[in-house]
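One structure is given below, encoded as structure tokens.
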Amino acid sequence: MERLRNTLLSMRDLLVTAGPVLLLGLGLIALAYWILDPTPPKHMTLATGPAQGAYAEFGRRYAQALKPYGIDVQLHPTRGSQENLTLLQAGEVDAAFIQGGADEIDSNLQSETDSEDKEPPDLGLYSLGSLFREPVWVFYREATARQRLKRPTLDSLSQLAGWRLNIGHEGSGVTNLMRRLLAANGVEPNELQLGRLEPTPAVVALLDGKIDALAFVSAPESPLVQMLLITPGIRLLDFAQADAYSRRVPQVSPVLLPRGVVNLAKDLPGQDVRLVASTATLVVRKSTHPALQHLLVQAAQRIHGTANWFQHKGEFPHASSGEYPLADEAARFYRSGPSLMQRWLPFWAVNLLDRMWVVVISIAALLIPLSRVVPPLYTFKVRSRIFKWYGILRQLEVEFNDGKRDPVELLEELGRIDERVAKLPVPLSYADELYALRSHISALRLRVQSAVSLSSRPVN
């Protein structure tokens with residue numbers, strides 16, 4: 001029991017002396033945790049696009065990819081990339097799919113190559129990388145081509161002059177991109193009967209003959225694109241000048257739809273079709289939590305890393321950021337890949353360690369020099385408990401030498417002091433100093449006792 005009491009006493013003294021250093025360390029860690037905010041939120045909002053579109057399909061895949069990490073992804077259907085940009089800038093969503101070339105263009109349609117080298121304005125938006133190619137699909141009615149051109153196929157966008165062309169609904173990104181492509185062909189908007197229907201109504205109007213052609217900018221996963229590719233009487237424009245378009249309009253690059261890739265048995269399409277494609281990016285706000293950015297990039301690698309009609313396996317996603325600067329989390333992922341710790345630890349633990357280890361090491365480097373004062377403070381605290389009685393003993397000795405105290409009274413007081421010192425709680429490692437104090441008390445008691453004996457001896 002006495003051993004346990006001494007152990008608890010030593011621990012108490014150690015805590016009292018080391019307490020300020022520990023509290024300082026815990027306070028610094030708590031402050032760093034509050035500033036870095038390593039724990040991601042449990043909810044996020046992802047702006048997708050119109051129903052039946054590729055963005056809507058990919059949005060569902062992202063929601064499923066983040067669900068095992070405890071992240072609830074709320075999908076926000078929109079009218080397209082322009083609306084997605086508006087929502088991002090207003091802070092109403094955390095992330096959004098953005099089509100290349102979807103931003104507003106100047107009214108004078110000046111050459112894009114002049115502004116290609118200019119530093120993009122800081123809009124507080126960052127890219128998580130390029131995800132996939134989105135070809136420009138221009139579908140038209142074969143009957144209209146026969147009527148106007150006396151042949152079933154179109155050769156160029158310039159031949160659409162006078163046609164009823166749907167270039168995307170309000171808020172979609174296809175509108176501005178199509179205006180760039182038409183301007184590169186010298187086609188003015190007033191030369192066309194431009195429609196602004198949403199994708200599904202536009203397809204219905206094309207099939208009913210209410211419009212002559214429509215333009216999509218979408219990944220091949222779009223159900224509407226796949227349906228039109230196999231619809232009799234509907235043809236897909238072959239961009240014979242695809243390389244030239246990529247020089248004139250930097251937002252697009254040439255791609256090839258191989259013969260038979262849609263349906264090998266039916267040989268659809270019946271020949272290679274040259275297309276131009278923009279690149280879709282996943283854009284986040286500056287304030288979007290870094291852990292969410294990291295999870296989104298990981299999900300992008302799984303979702304977009306497979307092969308399709310226009311890309312090889314592993315070609316996407318990649319660090320090309322398009323019109324927006326690449327986020328630091330994305331750059332680190334593309335440079336180093338996922339952390340090895342994720343194989344053994346849950347995501348929250350990996351994220352906590354990944355974001356806090358530098359701070360913890362820095363705090364430890366600060367506290368190690370401070371911790372050197374703990375042993376001397378501990379020693380001082382324990383020994384001061386003994387030195388206090390040395391002060392009292394010294395005072396009694398002075399009073400005895402000066403004859404200011406009655407020896408009998410002094411002897412009684414020394415007895416009481418000895419009893420209290422015997423019960424003094426001192427760690428075993430300092431027991432030698434306690435016994436030294438008691439021996440000094442005994443020495444003074446012997447001197448006082450001798451004085452009492454002399455004073456009580458009868459005089460002859």
Side-chain angles (χ1 to χ4, degrees), residues 1-35 356-460:
M1 190 66 182
E2 185 66 23
R3 180 177 298 179
L4 176 61
R5 178 171 174 272
N6 290 330
T7 301
L8 293 177
L9 176 65
S10 299
M11 292 178 62
R12 187 195 69 180
D13 290 336
L14 184 60
L15 288 175
V16 170
T17 52
V21 177
L22 292 176
L23 289 176
L24 177 61
L26 292 175
L28 291 174
I29 292 176
L31 179 63
Y33 186 92
W34 178 74
I35 294 175
M356 292 289 291
W357 71 269
V358 174
V359 174
V360 171
I361 290 178
S362 301
I363 293 174
L366 173 65
L367 294 182
I368 287 175
L370 291 178
S371 64
R372 294 178 180 176
V373 305
V374 173
L377 285 177
Y378 176 77
T379 301
F380 174 78
K381 179 172 180 57
V382 174
R383 297 183 71 183
S384 64
R385 196 177 297 146
I386 299 174
F387 293 160
K388 178 186 72 172
W389 292 105
Y390 270 112
I392 296 174
L393 187 63
R394 176 63 177 169
Q395 181 63 32
L396 293 177
E397 186 177 17
V398 170
E399 293 177 355
F400 172 70
N401 293 335
D402 294 342
K404 296 180 179 179
R405 293 287 298 273
D406 179 47
V408 175
E409 179 184 341
L410 187 58
L411 192 61
E412 293 176 355
E413 185 171 352
L414 285 172
R416 290 192 297 269
I417 290 176
D418 189 45
E419 291 178 2
R420 294 181 62 183
V421 168
K423 299 178 181 179
L424 192 66
V426 174
L428 294 178
S429 56
Y430 294 88
D432 57 338
E433 299 193 20
L434 177 64
Y435 286 115
L437 171 62
R438 295 194 66 188
S439 65
H440 293 153
I441 295 173
S442 298
L444 183 57
R445 288 179 68 184
L446 288 175
R447 288 180 57 197
V448 174
Q449 200 168 21
S450 298
V452 171
S453 299
L454 289 174
S455 60
S456 61
R457 184 180 300 174
V459 179
N460 293 330

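Just so you know, these numbers use all the heavy atoms, side chains as well, and skip hydrogens, waters and symmetry mates.
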Residues forming a side-chain contact (heavy atoms from CB on, under 4.5 Å) with Asp432, sequence neighbours excluded: none
Glu412: partners by salt bridge (Lys or Arg N to Asp or Glu O under 4.0 Å), with sequence neighbours left out: none
Let's go through Leu444 and Leu410 carefully: what are the C-alpha distance in whole Å and the side-chain angles of both, what is the deciding distance for side chain to side chain contact (heavy atoms under 4.5 Å, CB included) to 0.1 Å, and is it a yes or a no? CA-CA 10 Å; Leu444 183 57; Leu410 187 58; 5.8 Å; no
Hey, what do you get for CD (Gln449) to OG (Ser442), rounding to the nearest 0.5 Å? 10.5 Å
Side chain to side chain, Arg445 and Ile441, heavy atoms closer than 4.5 Å: yes
Arg420: side-chain contact (heavy atoms from CB on, under 4.5 Å) partners, not counting sequence neighbours: Trp389
Pairing residues for Glu413 by the side-chain contact (heavy atoms from CB on, under 4.5 Å) criterion, not counting sequence neighbours: Leu396, Arg405, Arg416, Ile417
Could you tell me whether a side-chain N or O of Asn401 sits under 3.5 Å from a main-chain N or O of Glu397, the two making a donor and an acceptor? yes
Listed partners of Tyr390 passing ring-ring contact (aromatic ring centres under 6.0 Å, His included), at least two apart: His440
To the nearest 0.5 angstrom, please state how far the CZ atom of Arg438 sits from the CD1 atom of Ile386. 12.0 Å
Sequence neighbours left out, what passes side-chain contact (heavy atoms from CB on, under 4.5 Å) with Glu419? Give chain and number order. none
Approximate separation, where rounding is to 0.5 Å, of Gln395 CD and Lys404 NZ: 8.0 Å
